[in-house]
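To start, the structure itself, in structure tokens.
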Amino acid sequence: MVGVRKVTTTSLFWETLGELRSHRNYAFLRDAIEDLVGRKADSIAPVNGRDKPFTSDANLKGIWHCSISRSPDVVLFYTVEAGTLNLAMLGSHHDYPSDGTNRRSATRTAGRIHNAIAQGHVTVPSWKTLAWSRPSDLVGHRELGEVSAQVLDVIIDELRAEADTGALFRRLHGRDILDGSYEDMEAWFAEVTAASEAVLAARYGKPLSCFHSLEALAAKARNSAFVA
């Protein structure tokens, strides 16, 4: 079965994903979404037994849902149209009828999803915060291309100031960088430099979420034993 060739994200997808950013299992949730996207590049067939299209409710016809987590209860809602995977919303099992429950939820959920898709593709959410504790956390950070320019500017200034202040090193290690060895200092500033390059690339490059890197996610999924 032919896979998708393009991925879009709605404002509702980013909004509902944002509500989960502080959860301890957030990284796992993103892994699960990335894995599904990667597998859909090869085939639109269900990735597992929890990934299926709605068939019994007319309101939800054309919408797929995949349970990606039990704790928290998270379900990914999406559509596949003309080779495009539309990541529409993250919700829960309460957002659709199941086993005789939540019968009134279908109309609301379908309306939210269709309206979000109709509003168009939102490339990045421009998050207002980015979680990191040391410079190396920024290299390869999966949200680096999703945060606002203002957030990136603050980080750039902080990294640039490190050569003069050593504030990041002091905060992390509880001592002045000049009190350490030359090797420690050299390794630290190499880490700061690598982080600066990564942040500058994100700041002045085209904003892009890893969810849209279809080829990379497909390659990752083919070599992964990930199980949501």
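In this chain, residues are counted from 1 in sequence order.
- No path of Ile, Leu, Val, Met, Phe, Trp and Tyr side chains, each step under 4.5 Å between heavy atoms, connects Ile113 with Phe13, placing them in separate hydrophobic clusters.
- Contacts of Thr8 classified as side chain to side chain contact (heavy atoms under 4.5 Å, CB included), with partners at least two apart in sequence or in another chain: Lys6, Thr84, Asn86, His121.
- Contacts of His114 classified as ring pair (Phe, Tyr, Trp, His ring centres under 6.0 Å), with partners at least two apart in sequence or in another chain: none.
- In this structure, the separation between CG on Leu172 and CD1 on Ile177 is 10.5 Å, given to the nearest 0.5 Å.
- In this structure, Asp51 contributes its side chain and Val47 its backbone to a donor-acceptor pair below 3.5 Å.
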Before you tell me yes or no, could you show the steps for Gln119 and Leu12 under side-chain contact (heavy atoms from CB on, under 4.5 Å), namely the whole-Å CA-CA distance, both residues' side-chain angles and the distance that decides it to 0.1 Å? CA-CA 10 Å; Gln119 289 171 13; Leu12 181 60; over 6 Å; no
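- Of all the heavy atoms in Ala88 and Thr10, the pair that sits closest is O-OG1, 2.7 Å.
- Using modelled atom types, no side-chain atom of Asp42 and backbone atom of Gly38 make a donor-acceptor pair closer than 3.5 Å.
- Under a hydrophobic clustering in which Ile, Leu, Val, Met, Phe, Trp and Tyr are joined whenever their side-chain heavy atoms come within less than 4.5 Å, directly or via other members, Leu87 and Ile63 fall into different clusters.
- No donor-acceptor pair under 3.5 Å is formed between the side chain of Asp176 and the backbone N or O of Arg170.
- Side chains of Arg108 and Arg112 form a contact here, defined as non-hydrogen atoms less than 4.5 Å apart.
- Within the 4.5 Å cutoff, no side-chain heavy atoms of Val75 are placed close to those of Ile68.
- With sequence neighbours excluded, the residues forming a side chain to side chain contact (heavy atoms under 4.5 Å, CB included) with Ser196 are Leu159, Val192, listed by chain and number.
- Looking at Arg5, its side chain never comes within 3.5 Å of a backbone N or O of Leu214 through a donor-acceptor pair.
- Distance check: Arg203 CZ to Leu144 CG gives 12.0 Å after rounding to the nearest 0.5 Å.
- Between Gly91 and Asp95, the shortest heavy-atom distance links the atoms CA-OD2, 3.2 Å.
- Salt-bridge formation is not detected for the pair Arg134/Glu162: no Lys NZ or Arg NE/NH1/NH2 atom is positioned less than 4.0 Å from an Asp or Glu carboxylate oxygen.
- In terms of heavy atoms, Pro207 sits closest to Thr123 at O-CG2, 3.5 Å.
- Between Trp14 and Val122 there is a side-chain heavy-atom pair separated by less than 4.5 Å.
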Test side chain to side chain donor-acceptor pair (under 3.5 Å) applied to His212 and Thr9, step by step: CA-CA 8 Å; His212 306 129; Thr9 42; 3.0 Å; yes
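- In this structure, Tyr78 and Ile117 have side chains that are not in contact, with every pair of non-hydrogen atoms separated by 4.5 Å or more.
- The aromatic rings of Phe77 and His65 lie parallel to each other, with less than 30° between the two planes, well short of the 60° mark.
- Taking CD1 of Ile33 as the start and CG of Leu17 as the end, the distance is 5.5 Å to the nearest 0.5 Å.
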Val74 and Ser67: CA distance, side-chain angles, deciding distance, side-chain contact (heavy atoms from CB on, under 4.5 Å) verdict: CA-CA 6 Å; Val74 178; Ser67 175; over 6 Å; no
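- The pair Asp35-Lys40 does not count as a salt bridge, with every side-chain nitrogen at least 4.0 angstrom from each carboxylate oxygen.
- Listed here is the closest heavy atom pair of Arg142 and Cys210: O-SG, 4.1 Å.
- Looking at heavy atoms from C-beta onward, Lys220 lies out of side-chain contact with Arg39 at the 4.5 angstrom threshold.
- For the pair Asn115 (side chain) and Gly111 (backbone), a donor-acceptor distance under 3.5 Å is present.
- The nearest pair of heavy atoms linking Ser71 to His23 is O-CE1, 4.2 Å.
- The distance from the CD atom of Glu146 to the CH2 atom of Trp127 is 6.5 Å, given to the nearest 0.5 Å.
- Summarising the geometry, atom CG belonging to Leu90 is positioned 8.0 Å from atom CG belonging to Leu29; distances are rounded to the nearest 0.5 Å.
- Between the side chain of His141 and the backbone N or O of Val199, no donor-acceptor pair lies under 3.5 Å.
- The stretch residues 7-21 participates, sequence neighbours left out, in these salt bridge (Lys or Arg N to Asp or Glu O under 4.0 Å) pairs: Arg21-Glu143.
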Would you sort out whether Ser213 and Val7 count as a side-chain contact (heavy atoms from CB on, under 4.5 Å), showing the intermediate values? CA-CA 8 Å; Ser213 302; Val7 181; over 6 Å; no
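- Under a hydrophobic clustering in which Ile, Leu, Val, Met, Phe, Trp and Tyr are joined whenever their side-chain heavy atoms come within less than 4.5 Å, directly or via other members, Leu217 and Phe28 fall into the same cluster.
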Give the C-alpha distance, both sets of side-chain angles, the deciding distance and a yes or no for side-chain contact (heavy atoms from CB on, under 4.5 Å) between Thr109 and Tyr96. CA-CA 7 Å; Thr109 296; Tyr96 61 90; 5.5 Å; no
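- Scanning for ring pair (Phe, Tyr, Trp, His ring centres under 6.0 Å) contacts around Phe169 gives His173, Trp188, with sequence neighbours left out.
- Of all heavy-atom pairs spanning Pro97 and Ser105, the tightest one is N-OG, 3.6 Å.
- In this structure, CD1 on Ile156 lies 10.5 Å from CG on Leu138, to the nearest 0.5 angstrom.
- Hydrophobic clustering of Ile, Leu, Val, Met, Phe, Trp and Tyr side chains at less than 4.5 Å, counting indirect connections, keeps Val124 apart from Val154.
- Among residues two or more places apart in sequence or in another chain, the side chain to side chain contact (heavy atoms under 4.5 Å, CB included) test is passed with Val151 by Leu130, Val147, Ser148, Ile155.
- Following chains of ILVMFWY side-chain contacts shorter than 4.5 Å, one can reach Trp64 starting from Phe211, so the two form part of one hydrophobic cluster.
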